[in-house]
Amino acid sequence: MEMKITVSCPTPNRCTLLILVLFSFAASPLHASLSINFYASSCPTAELIVSNMVRSASSSDPTIPGKLLRLLFHDCFVEGCDASVLLQGNGTERSDPANTSLGGFSVIDSAKRVLEIFCPETVSCADIVALAARDAVVTAGGPAFEIPTGRRDGRISDAANVRSNIVDTSFTMIEMIRLFNSKGLSLDDLVTLSGAHTIGVAHCNAFSDRFQMDSKGNLTLIDTSLDNTYAKELMKKCPSGSSASKTVNNDPETSFAFDNQYYINLLGHKGLFQSDSVLVEDERTNARVEAFANDQETFFQSWRDSFLKLTTIGVKTDDEGEIRQSCSFAN
């Protein structure tokens, strides 16, 4: 199918950026019905409204960018990028224990309410989730780029589909490769998208299997791949009997900045999760980790390409799905 896209360039630099993104978009196996500036005529301020909501929420709560990015992953990996994770009700994805710690819903809901005032029944919740995650990265200091829109919202949300479609923090490299490949994502995408852990927080139980409690209630290190000093810090922050709500920063160095520090941490054996640590231990991914640790711009360029692929997994367009009036409930 031949796809023609016309782009208006307000400035030479912005034009160059759009051309680069469109080239990547056209060269990748993305859904042909998505397009840059999809809402240019139907809702010209759509992306600005989402961006403003993300920036405002993040200014009062620095954990918001990490939450919005995680929300995107949990949406796209289950049923595709169709906002199915937002649906409320018994037996929905959102009700599964693996998703009960998700956050950022209020930002999506706020953006949707405003959009319904200015552009009723026009902008999908799926697009809002994708745009919000993109803008969350920018707000945290990451790269800015255009993404195609035109997604429609799914009507199916089943908790039974969650566990087999999201990465568990204790996954081995083989398990992660198998899951990412099933979503059309490569080994390079796996290393790149894991960089999302440069922001955000994690509950203690997400990495508690790397420690062991002895008969006196003291925690000792099981996973010797962890830097000893870092491991001791984690054990102090997550002692035996910690509250289920207790969290630590994914990145102990630059907690709320989207940068390449995550990869520097990995080389220093300070990956919070087992699924992080294996990236530096495996010869198939070690070189890429080193490249990103040594050059942030290389990471940012790869992030743009992998993020575009992530946000087009299993999208619904045209006569598929619907445009929800409320992101929490199907029409």
Side-chain angles (χ1 to χ4, degrees), residues 66-67 69-78 85 96-103 133 162-212 221-227 230-231 233-235 237-238 246-253 255 258-293 299 302-303 306-307 309-310 313:
K67 290 176 179 177
L69 197 50
R70 184 171 178 238
L71 189 62
L72 174 73
F73 275 86
H74 281 239
D75 180 38
C76 293
F77 268 57
V78 184
V85 74
D96 186 88
N99 283 336
T100 54
S101 63
L102 289 177
V162 173
R163 296 306 178 92
S164 60
N165 284 291
I166 59 173
V167 175
D168 187 275
T169 55
S170 62
F171 267 16
T172 64
M173 180 62 74
I174 292 176
E175 289 172 316
M176 287 197 293
I177 290 175
R178 183 183 300 120
L179 179 58
F180 271 66
N181 283 347
S182 73
K183 308 301 177 183
L185 299 173
S186 67
L187 187 62
D188 187 65
D189 294 322
L190 167 58
V191 180
T192 302
L193 293 173
S194 293
H197 288 162
T198 193
I199 57 176
V201 299
H203 290 267
C204 292
N205 61 9
F207 52 89
S208 60
D209 57 346
R210 308 183 83 178
F211 312 119
Q212 180 176 322
L221 184 64
I222 295 177
D223 189 345
T224 56
S225 67
L226 275 176
D227 172 79
Y230 179 52
E233 292 175 359
L234 292 177
M235 286 188 281
K237 292 177 180 178
C238 294
K246 176 70 174 177
T247 62
V248 300
N249 294 321
N250 289 342
D251 176 358
E253 304 297 333
S255 307
F258 192 93
D259 53 21
N260 68 332
Q261 184 63 45
Y262 166 78
Y263 299 100
I264 298 172
N265 293 342
L266 291 187
L267 294 181
H269 301 287
K270 295 180 180 179
L272 182 60
F273 307 125
Q274 176 61 32
S275 56
D276 292 324
S277 295
V278 295
L279 296 178
V280 74
E281 296 166 4
D282 195 292
E283 61 181 10
R284 291 168 291 185
T285 51
N286 178 271
R288 199 60 171 158
V289 169
E290 290 186 349
F292 290 161
F299 166 50
S302 188
W303 175 265
S306 295
F307 186 86
K309 292 175 66 176
L310 169 66
I313 295 174

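Position 1 is the first residue of the sequence, and the numbers go up from there.
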K.L.:
Taking all heavy atoms of K270 and all of E253, pick out the closest pair and write down the distance.
P.N.:
NZ-OE2, 3.7 Å

K.L.:
Measuring only between side-chain heavy atoms, which start at C-beta, is T285 closer than 4.5 Å to M173?
P.N.:
yes

K.L.:
Do W303 and L193 pass the side-chain contact (heavy atoms from CB on, under 4.5 Å) test, and can you show the C-alpha distance, the side-chain angles, and the key distance before you say yes or no?
P.N.:
CA-CA 7 Å; W303 175 265; L193 293 173; 4.0 Å; yes

K.L.:
Is there a donor-acceptor contact under 3.5 Å linking the side chains of D168 and S170?
P.N.:
yes

K.L.:
Between the side chains of N165 and K183, does any donor sit under 3.5 Å from an acceptor?
P.N.:
yes

K.L.:
Are side-chain heavy atoms of L72 and L310 found at a separation under 4.5 Å?
P.N.:
yes

K.L.:
Against D276, only a single residue in L266, T169, N265, N250 fulfils side-chain contact (heavy atoms from CB on, under 4.5 Å); can you say which?
P.N.:
L266

K.L.:
Please determine whether side-chain contact (heavy atoms from CB on, under 4.5 Å) holds for the pair E281 and V278, giving the CA-CA distance in whole Å, both sets of side-chain angles, and the decisive distance to 0.1 Å.
P.N.:
CA-CA 5 Å; E281 296 166 4; V278 295; 4.3 Å; yes

K.L.:
Assess the side chains of S186 and D189: does a donor N or O sit below 3.5 Å from an acceptor N or O?
P.N.:
yes

K.L.:
Side-chain contact test, heavy atoms from C-beta onward, threshold under 4.5 Å: evaluate it for K67 versus L102 and give yes or no.
P.N.:
no

K.L.:
If I compare all heavy atoms of N249 with all of S255, which pair ends up nearest, and what's the gap?
P.N.:
ND2-OG, 3.0 Å

K.L.:
Return the minimal non-hydrogen interatomic distance between I177 and L190, and the atom names on each side.
P.N.:
CG1-CD2, 4.1 Å

K.L.:
Please tell me whether R70 and S101 have a donor and an acceptor in their side chains that are separated by less than 3.5 angstrom.
P.N.:
yes

K.L.:
Would a distance-only check, ignoring hydrogens and angles, find a side-chain to backbone donor-acceptor pair under 3.5 Å from T192 to S306?
P.N.:
no

K.L.:
Looking at every heavy atom in both D251 and Y262, which two are closest together, and how far apart are they?
P.N.:
OD2-N, 4.2 Å

K.L.:
Give the C-alpha distance, both sets of side-chain angles, the deciding distance and a yes or no for ring-ring contact (aromatic ring centres under 6.0 Å, His included) between H269 and Y230.
P.N.:
CA-CA 8 Å; H269 301 287; Y230 179 52; over 10 Å; no

K.L.:
With ring-ring contact (aromatic ring centres under 6.0 Å, His included) as the criterion, how do F171 and F180 come out once you've worked through the C-alpha distance, each side chain's angles and the decisive distance to 0.1 Å?
P.N.:
CA-CA 12 Å; F171 267 16; F180 271 66; 9.6 Å; no

K.L.:
Indicate the ring-plane relationship of F273 and F207, choosing parallel, tilted or perpendicular according to the 30° and 60° boundaries.
P.N.:
tilted

K.L.:
Restricting to non-hydrogen atoms, name the atom on H74 and the atom on A98 that form the minimum distance, rounded to 0.1 Å.
P.N.:
CE1-O, 3.8 Å

K.L.:
Can you give me the closest heavy-atom contact between L179 and S164, atom names plus distance?
P.N.:
CD1-O, 3.9 Å

